[in-house]
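The first residue in the sequence is number 1, and the count goes up from there. In this text the structure is predicted, and so the values were computed from the model without any measurement.
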Amino acid sequence: MVSMNHSFELDCNEKKLFKILTNYQNLAEFLPRKLQNLEILDENENSTTLKVTLFLKTLIKKEFSQKLMIKKQSENDLSLDILDGHAKGTHVEISLSSKDNKTICAVNSDVKLSLKTIVLIPILKTEYNTFVLSVFKKMALAANEIKI
């Protein structure tokens, strides 16, 4: 297991950002090159199960599908668990809070990789922070366009 914890400040409203973050149908807007397909398998008030197909093209070019369960822990907190595939058992916590009209976003991940993919850990460590930050920056820009 590899722990990766990142925190960054975004110039947007946390409620608007959370609304975008939990609008699963539109996630492809923020991951256009990587997210090939997204299907909602089950959805209720506090949890959603998704099947996503991703295409990665860093060191290797590979398309793969995974099931994810996303749970709303509170008004500003989400947890995500990968239910199958090479990263089965990976757990991610996303927490949003406000400070001085900005949103503080914390993304804490405990990544589990299969024996077959464990060699990708160095790449994952170097690419992960940039990837997460770029996704949230795109979401923050969209949050600034939402009128509540």
Side-chain angles (χ1 to χ4, degrees), residues 1-8 10 12-98 103-121 123-125 127-148:
M1 181 164 32
V2 177
S3 291
M4 293 184 284
N5 302 313
H6 303 287
S7 182
F8 40 88
L10 299 168
C12 68
N13 176 282
E14 74 179 283
K15 301 290 184 216
K16 292 179 182 180
L17 181 62
F18 195 77
K19 183 176 182 169
I20 289 171
L21 190 57
T22 55
N23 183 352
Y24 308 117
Q25 288 286 28
N26 291 327
L27 283 180
E29 245 180 81
F30 307 101
L31 305 167
R33 292 179 299 151
K34 293 179 179 21
L35 186 61
Q36 300 292 307
N37 188 36
L38 181 140
E39 179 183 352
I40 296 176
L41 300 176
D42 183 44
E43 186 171 23
N44 61 49
E45 190 175 319
N46 292 321
S47 71
T48 303
T49 303
L50 306 172
K51 180 179 179 183
V52 296
T53 303
L54 300 164
F55 181 72
L56 299 180
K57 53 181 183 177
T58 50
L59 183 61
I60 57 171
K61 292 181 180 172
K62 177 93 172 138
E63 181 178 288
F64 62 95
S65 294
Q66 302 187 277
K67 287 184 186 174
L68 314 172
M69 178 174 280
I70 303 172
K71 294 180 185 174
K72 290 182 186 178
Q73 305 291 20
S74 70
E75 289 183 11
N76 297 327
D77 299 306
L78 292 176
S79 71
L80 179 144
D81 291 296
I82 298 179
L83 304 176
D84 64 4
H86 296 297
K88 180 181 179 178
T90 294
H91 180 76
V92 179
E93 294 281 337
I94 301 169
S95 180
L96 305 178
S97 60
S98 287
T103 298
I104 307 300
C105 181
V107 179
N108 301 314
S109 307
D110 288 321
V111 179
K112 293 183 181 175
L113 295 175
S114 67
L115 195 55
K116 189 172 159 180
T117 57
I118 202 109
V119 296
L120 299 176
I121 287 176
I123 295 167
L124 182 65
K125 283 183 174 181
E127 299 279 330
Y128 188 76
N129 189 42
T130 305
F131 170 75
V132 170
L133 183 58
S134 69
V135 168
F136 277 94
K137 280 186 174 182
K138 288 178 188 174
M139 288 181 179
L141 289 173
N144 287 329
E145 295 176 6
I146 293 177
K147 292 186 174 38
I148 292 184

T90 side-chain N/O to K112 backbone N/O, donor-acceptor pair under 3.5 Å: yes

Heavy-atom donor-acceptor pair, N26 side chain to E29 backbone, under 3.5 Å: no

Any residue meeting side-chain contact (heavy atoms from CB on, under 4.5 Å) with T53, in chain and number order, not counting sequence neighbours: Q36, N37, E63, S65

D84: side-chain contact (heavy atoms from CB on, under 4.5 Å) partners, not counting sequence neighbours: Q66, K67

Stepwise side-chain contact (heavy atoms from CB on, under 4.5 Å) test for L27 and V52: CA-CA 10 Å; L27 283 180; V52 296; over 6 Å; no

Derivation and outcome, side-chain contact (heavy atoms from CB on, under 4.5 Å), residues H6 and L133: CA-CA 9 Å; H6 303 287; L133 183 58; over 6 Å; no

E75/K15 ion pair, N-O < 4.0 Å: yes

Closest non-hydrogen atom pair between V107 and V92, with its separation: CG1-CG1, 3.9 Å

Among Q73, K72, K71, the one residue meeting side chain to side chain donor-acceptor pair (under 3.5 Å) with S79: Q73

Residues forming a ring-ring contact (aromatic ring centres under 6.0 Å, His included) with Y24, sequence neighbours excluded: none

Name of the residue among L21, L80, T49, T22 meeting side chain to side chain contact (heavy atoms under 4.5 Å, CB included) with I70: L80

From CA spacing to verdict: side-chain contact (heavy atoms from CB on, under 4.5 Å), T103, F18: CA-CA 10 Å; T103 298; F18 195 77; over 6 Å; no

